[in-house]
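Just below is one structure, and these are the notes that go with it.
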Amino acid sequence: MILTSAQSALLNIDLLHIIFSNFEYQDDLFNALLVHSYWTLVIVDKLWKKPTWKSSNVFHKFITTLRNSSATSFNYGNFVQQITFTTYPEISIPTSDVKIISEKCKNIKYLTFSRVISIDTVAMFLKNCPDLISFAIFGNKSSLLSDALRPIRDGKCSKLQHLELRNCKSEWKHDLLKDIGKSCPLITTLIIPSLVTNTLATTIISSFPNLKGFTCSTITGAGFTILITGCPKLKFLSLEFPYISFETALAVAIDFPPLESFSLRIKSYKGFDHFARLWVQGQSYLQHIELDSARGLSDDSFLPIAQYCHRLESVELRSCTNLTDCSIIALANYRNIKLKKFTIIHCNQLTDLGLNELAEHCKNLRKCNILECLNISHTSLSKIVKNCNKLQEFGFTNRPRMTSTIVMELINNEKESFLEILNIRSDDLATADSTVKNPYPKFDLNLMENLAKKCQNIRKLGLRFNMVGLSPDELIQVMHRFHKLEKLEILKIGGKVFKKEHIKELETHRRLKEVKFVGNFALDQDAKIYLVYRKSKEKCQGPFITSSS
């Protein structure tokens, strides 16, 4: 049989890797698994590269296949490159199964323990992962953790580039970091959420000379000075800004390395204004800034950031209680079409005045979240939806009468919708948006059907507010109109609860992968019993479904 050039291309291993890398959905990959043996080879590689388990039966299937892989055509363990042990309470992972994973999966490059795992298990994995690039461990407060990391300290993981140690004990931290720095010279990212003193800062800069990313929870003024002056390659920094003198703030600002990302918790420190005005002069490469719990952040601090950080494209502001519309107007005018991501949470001095300017000048926004800001109404949010036609993620806080008006703006927009994530949340404030005038659209079945028709790319939908005007039957049924939906969060509707039949209906959705019912009383008793049954069922069909408070 003579193959055409097109057929030959579809049997070229290198081209197949490129083609299947562009597949958007894992189940589409699975459906193509048996087309040809070459396709099978490439697809199995991709499907096993990053296994995830959100239920016991899924983990059981994974471990059974892995255990029996020596008797099959594929050595599945060799395909696995990323393992994350998550905190899903439904999953019980016996030590014997963890041992099998460590023995079978020798090509792991990214390893994360975000649940408490025995010290022996951690050490066992590290001994068997010589190609490890990234290692992170959370929640393990054992003083023996330094012994578990002995393989890293002894140079068994010399390719390590990213190290993340959460809740590490201070009494062994210095020696541990010295050993790791000596054995892993390629490390460029270090995350140790703890207090960094001048002594620890000195250890860090001497042990990790190639450091580009650093995160800690707090740092002393002396430690801050040592770290900044001793890490000239630093590009990504996240910490709590220290209480330092006016003179020290100015000196450190001058010596600051040019960053690409800066995440700060400022609290009530009043000296940040002086620092910011001088610091921005050397930050022409800054792309992302995140300012949290920033009572010490004023317009005098933020205005020079907006003006002089010419590559700034992502801004997140949380609890910046002294920031006013002047800062947002400056950001809109100076950064305009370059701004791609914007998030504000709990910034109660900001109003429609600033956001209207943002909507007018920043029309290339891809991500916009406006949450729990008391003085923002539907007027500015609707303008953002109308003007920013490239939005891929949009989130806002629900107010009575406001949400349906904004959704209607999404539906009526004449431009093509690129929206993939829509997140609507309640903040328990029942105040209506007084700027919405009667007659206003109702949040009903017709509105949801039109939303699904207009925004056909929605993958994640968060409906965490009371949807008066919809029944549970209507809401569940309309979810099938969102053909690409993968993740759904829903709050109970008024006094009505979701039933077992609603869960079974969601199980038939073609794309849906994860559903969360929010609220203690979102499900009736039969539905709760059915969820327990689903978790115990070995061949459970449909998405991963949970209920939470």
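Within the 3.5 Å criterion, the main-chain N or O of Thr379 finds no donor-acceptor partner in the side chain of Ser382. Using modelled atom types, no side-chain atom of Asp154 and backbone atom of Lys156 make a donor-acceptor pair closer than 3.5 Å. Between the Asn369 side chain and the Gly395 main chain, a donor and an acceptor come within less than 3.5 Å of each other. Looking only at distances, a side-chain donor or acceptor of Asn322 sits under 3.5 Å from a matching main-chain atom of Arg295. A donor-acceptor pair under 3.5 Å is absent between the side-chain atoms of Arg311 and the main chain of Cys309, judged by distance alone. Although no hydrogens or angles enter the test, the distance criterion places no donor-acceptor pair under 3.5 Å between the side chain of Glu420 and the main chain of Leu391. Between the Asp299 side chain and the Thr324 main chain, a donor and an acceptor come within less than 3.5 Å of each other. With hydrogens and angles disregarded, a donor-acceptor distance shorter than 3.5 Å links the side chain of Lys513 to the backbone of Arg511. No side-chain donor-acceptor contact under 3.5 Å links Thr112 to the backbone of Ser114. In this structure, the side chain of Asn107 engages the main chain of Asn78 through a donor-acceptor pair within 3.5 Å.
Atom NZ of Lys212 sits in a sparse spot, with 12 or fewer heavy atoms from other residues, nucleotides or ligands closer than 6.0 Å. For Lys127, the NZ atom sits in a loose shell: 12 or fewer heavy atoms of surrounding residues, nucleotides or ligands are nearer than 6.0 Å. Counting heavy atoms of neighbouring residues, nucleotides and ligands inside a 6.0 Å radius, atom NZ of Lys516 does not exceed 12 of them. No more than 12 heavy atoms of other residues, nucleotides or ligands shown are found within 6.0 angstrom of NZ on Lys99. By the neighbour-count criterion of 12 heavy atoms within 6.0 Å, atom CD1 of Ile337 is sparsely surrounded, having that number or fewer from other residues, nucleotides or ligands. Crowding of Lys383 atom NZ: a count of heavy atoms from other residues, nucleotides or ligands under 6.0 Å exceeding 12.
Two residues are said to be in side-chain contact when any heavy atoms from C-beta on lie closer than 4.5 Å; Ile344 and Leu323 fail this criterion. A heavy-atom distance below 4.5 Å is found between the side chains of Leu317 and Ile328. For the pair Leu176/Leu165, a side-chain contact is recorded, criterion being any heavy-atom separation below 4.5 Å from C-beta on. At a threshold of 4.5 Å between non-hydrogen side-chain atoms, the residues Gln281 and Leu278 count as touching. Counting heavy atoms from C-beta on, the side chains of Lys178 and Ser207 come closer than 4.5 Å.
Considering CG of Leu355 and SG of Cys368, their distance stands at 7.0 Å, rounded to 0.5 Å. Rounding to the nearest 0.5 Å places CG of Asn336 at 10.5 Å from CG of Leu358. How far CG of Leu160 is from CG of Leu126: 9.0 Å, rounded to the nearest 0.5 Å. From Phe465, atom CZ reaches atom OG1 of Thr403 across 5.0 Å, with rounding to the nearest 0.5 Å. Rounding to the nearest 0.5 Å gives a distance of 14.0 Å between CZ of Arg318 and CG of Leu297. Rounded to the nearest 0.5 angstrom, Ile384 CD1 and Leu410 CG are separated by 11.5 Å.
The two residues Lys106 and Ser102 make their nearest non-hydrogen contact at CE-O, 3.8 Å. Shown here for Tyr110 and Leu132, the closest heavy-atom pair between the two residues is N-CD1, 4.1 Å. Among all heavy-atom pairs drawn from Ser194 and Cys216, the shortest one is O-CB, 3.6 Å. Of all heavy-atom pairs spanning Phe396 and Leu381, the tightest one is CB-CD1, 3.9 Å. Annotation for Thr202 and Asn198: closest pair OG1-O, 2.8 Å, computed over non-hydrogen atoms. For the pair His162 and Ile191, the tightest heavy-atom approach, listed with the atom from each and the gap, is CE1-CD1, 3.8 Å.
Ring geometry, Phe23 versus Phe20: the interplanar angle exceeds 60°, so the pair is classed perpendicular (tilted spans 30 to 60°). Using a 30° and 60° split on the angle between ring planes, Phe113 and Phe135 fall in the perpendicular class, above 60°.
Between Tyr334 and Tyr308, the ring centre distance reaches or exceeds 6.0 Å. Here Phe544 and Trp53 keep their ring centres 6.0 angstrom or further from each other.
Of the options Tyr285, Phe241, Phe214, Phe256, a ring pair (Phe, Tyr, Trp, His ring centres under 6.0 Å) to Phe262 is made by Phe256 and by none of the others.
Lys233 and Asn210 share a side-chain donor-acceptor pair at under 3.5 Å.
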